[in-house]
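Notes for the one structure printed next.
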Amino acid sequence: MSQTPPDSPQTPPAAPRAGGGRAARTGFDITIVAAVLVPLLAVVASLLVDTGAEARPDQPPEEAALTAADVVCPAGGSKVQVASTSGASGDLQVRAGTKVDVAAPVAPGRTTEVDTGKPAAVVSGTGDLAPGLVAQSFAQPLASFDCRAPVYDYWFTGLGAGARHQSTLQLVNPDEGRAVVDVEVYSADGLLDVEGLRGVTISGGESRAFDLAKTLPRRDELALHVTVVRGRVAASVSDAVRGVAGAGRNGDDGLGSQDEPATSNLLLGIPGGSGPRILMIANPNTTAERATIKLVTTGSTFAPSGVEEIELPPQSVVPVPLTKVLAEAGKDDEAPVGLLVESSAPTTASLQMFYRRDLVRSVPATPLEGPGTTVVPAGSKTLVLGDATGQGVVTVSLWDADGKELPQQRIEVAAGRADTYDVPDEARLMSVEAARTSIAAAVLVTNADGATLLRVREPVSTALVPAVSPGVP
């Protein structure tokens, strides 16, 4: 087909041939062009008209009451205690492996114990029982395993992958859809490339365990950063130590996670005795950093003599022996009940201890902005409070296993020190609420078999719902 020269007028289209054959054309059919362009131009014009209304600003998600909630208890415990702080009565659903799927009745202040065996357990609440779901997993000899709602970021510090110190990472997917997780591994030599821990897939309802001694056998201490990139996953670590500091130094305990690295990490709860104590500090930064240690007592916070500033190579884990420092720090009221790690850049930390030849793990406590709760076992228990931003009062509410409320306690707290309270043996559910200050709290449990530490957290009571409204963004 020949083209019309630029300076020449276009020839009109030829008439169709007789007999209904295809029309011969030398240009566009103006009716077709109009049919397409006119509606399109009308839409564009309507979008460009200034109606005088202001553009709709970005709106943050709104909080709404939970209608369903899950708390995941890792494998390792044999019994799970469950409760709800919602004020409602009803049944929570507890599922563990293929053999346990039971209804656990709860009421205001009441806790229920479920024998779940060794598998991981998922505790679910719906309706009025969804907000304020609380659970804790225990085992004997005395050990506890942190039960919590799934989050998207976990930091674990001071894991082992050798013959004497063995840690197991557990990933639980409580939902039906597939989830994907990435795990970064830090060591004394820096960040490790562990192919088997990148892009880990967990099918719906599946629980996967990674024995680090088999996945990446090493003698040094490790730290893990677990990131959930798809779906929901509850990550946890169980720790086992064998033959440390002489025969008989054996123990198992759960290693709790830290929410994120921080320049100030407060570890609350140090049992008495002279067992080995090692502080683990992880520096995830790409630059060398420094850290200092302070002891926290019920009277003050101070730097111990003879402890120098700690050098932290880039992306490394550094163990700091503190057995002698803590043993010589003081007795009775002057004995340290906490450890403060301050660093030049955000770091993570944990404290590995032995009490009566049993392993105890402590991780930084999370400050409470509202009421915090935990389920506690029978036996000797001490509530340790610290990290107050100023003078204030902490109200401790307690209930026994049947839901009977025990006498409330009011504890005056102040910045720069810790405070302790001996919890009654019969208490099973605890609520901690601070006024005029924020506070961090942990519960130290001891018996003839050993010791363990419990986290006091704010229960999840609301969900974030994205703001959706009609209109052009």
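Values in this document were obtained by computation on a predicted structure and should not be read as measured data. The chain is numbered in sequence order, starting from 1.
The two residues Val122 and Pro174 have their closest heavy-atom pair at CG1-CB, 4.3 Å. What you find for Thr452 and Ser144 is that their closest heavy atoms are OG1-OG, 2.7 Å. Closest approach of Val363 and Ser257 over heavy atoms only: CG2-O, 4.3 Å. Pairing each heavy atom of Gly231 with each of Tyr152, the nearest pair is O-CE2, 3.4 Å. Taking every heavy atom of both residues into account, Pro371 and Ser431 meet most closely at CB-OG, 4.3 Å. In plain terms, the two heavy atoms of Val72 and Pro150 that are nearest each other are CG2-CG, 4.4 Å.
The closest donor-acceptor contact from the side chain of Arg218 to the backbone of Ala213 lies at 3.5 Å or more, if one exists at all. At distances below 3.5 Å, not a single donor-acceptor pair connects side-chain atoms of Asp402 with backbone N or O atoms of Lys404. Between the side chain of Ser187 and the backbone N or O of Leu222, no donor-acceptor pair lies under 3.5 Å. Although no hydrogens or angles enter the test, the distance criterion places no donor-acceptor pair under 3.5 Å between the side chain of Ser316 and the main chain of Leu312. Although no hydrogens or angles enter the test, the distance criterion places a donor-acceptor pair under 3.5 Å between the side chain of Gln258 and the main chain of Ala349. A donor-acceptor pair under 3.5 Å links the side-chain atoms of Asn283 to the main chain of Pro313, judged by distance alone. A side-chain donor-acceptor contact under 3.5 Å links Gln136 to the backbone of Phe145. Side chain of Arg361 to backbone of Leu453: no donor-acceptor contact under 3.5 angstrom is found. Checking side-chain atoms of Asp239 against main-chain N and O of Gly254 turns up no donor-acceptor pair under 3.5 Å. Looking at Lys381, its side chain does come within 3.5 Å of a backbone N or O of Asp425 through a donor-acceptor pair.
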Practice problem: Report the C-alpha separation of Ser124 and Arg95 in whole Å, then their side-chain angles, then the decisive distance to 0.1 Å, and conclude whether the side-chain hydrogen bond (donor to acceptor under 3.5 Å, both in side chains) test is met. | Solution: CA-CA 8 Å; Ser124 302; Arg95 307 185 307 276; 3.2 Å; yes
Quiz item: Between Ser343 and Glu289, does a side-chain hydrogen bond (donor to acceptor under 3.5 Å, both in side chains) hold up when you go through it step by step?
Solution: CA-CA 7 Å; Ser343 51; Glu289 304 296 341; over 6 Å; no
Practice problem: Mind running salt bridge (Lys or Arg N to Asp or Glu O under 4.0 Å) on Arg198 and Asp182 for me, showing each step along the way? | Solution: CA-CA 5 Å; Arg198 291 299 185 104; Asp182 278 340; 5.2 Å; no
Quiz item: Passes side chain to side chain contact (heavy atoms under 4.5 Å, CB included), Leu368 versus Thr366? Steps please.
Solution: CA-CA 6 Å; Leu368 302 173; Thr366 303; 5.9 Å; no
Quiz item: So Lys294 and Glu342, salt bridge (Lys or Arg N to Asp or Glu O under 4.0 Å) or not? Walk me through it.
Solution: CA-CA 8 Å; Lys294 294 181 180 178; Glu342 296 178 322; 3.5 Å; yes
Exercise. Check the pair Leu429, Val376 against side chain to side chain contact (heavy atoms under 4.5 Å, CB included), reporting the backbone distance first and the verdict last.
Key: CA-CA 6 Å; Leu429 180 64; Val376 293; over 6 Å; no
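Between the side chains of Gln170 and Ser236, not a single donor N or O lies within less than 3.5 Å of an accepting N or O. With no hydrogens or angles considered, a side-chain donor-acceptor pair links Thr389 and Thr437 at under 3.5 Å. In summary, the side chains of Gln408 and Ser397 do present a donor paired with an acceptor at a separation below 3.5 Å, with no hydrogens or angles considered.
Distance OG1/Thr323 to CE/Met353: 11.0 Å, rounded to 0.5 Å. Here Ser344 contributes atom OG and Asn285 contributes atom CG; the two are 8.0 Å apart, rounded to the nearest 0.5 Å.
Atom CD of Gln140 sits in a crowded spot, with more than 12 heavy atoms from other residues, nucleotides or ligands closer than 6.0 Å. For Asp128, the CG atom counts as loosely surrounded, since its 6.0 Å shell holds 12 or fewer non-hydrogen atoms of other residues, nucleotides or ligands. Environment of CD in Glu334: sparse, with no more than 12 heavy atoms of neighbouring residues, nucleotides or ligands closer than 6.0 Å.
Note on residues 132-149: pairs passing salt bridge (charged side-chain N to carboxylate O under 4.0 Å, His left out), not counting sequence neighbours, are Asp146-Arg455, Asp146-Arg457, Arg148-Asp259.
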With a 3.5 Å cut-off and sequence neighbours excluded, list the donor-acceptor pairs that the side chains of residues 296-307 form with protein atoms.
| from | atom 1 | to | atom 2 | distance (Å) |
| --- | --- | --- | --- | --- |
| Thr297 | OG1 | Gly299 | N | 3.1 |
| Thr297 | OG1 | Ser300 | N | 3.1 |
| Thr297 | OG1 | Ser300 | O | 3.2 |
| Thr298 | OG1 | Asp333 | O | 3.2 |
| Thr301 | OG1 | Gly416 | O | 3.0 |

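A salt bridge does not link Asp400 with Arg110: every distance from a Lys NZ or Arg NE/NH1/NH2 to an Asp or Glu carboxylate oxygen is 4.0 Å or more.
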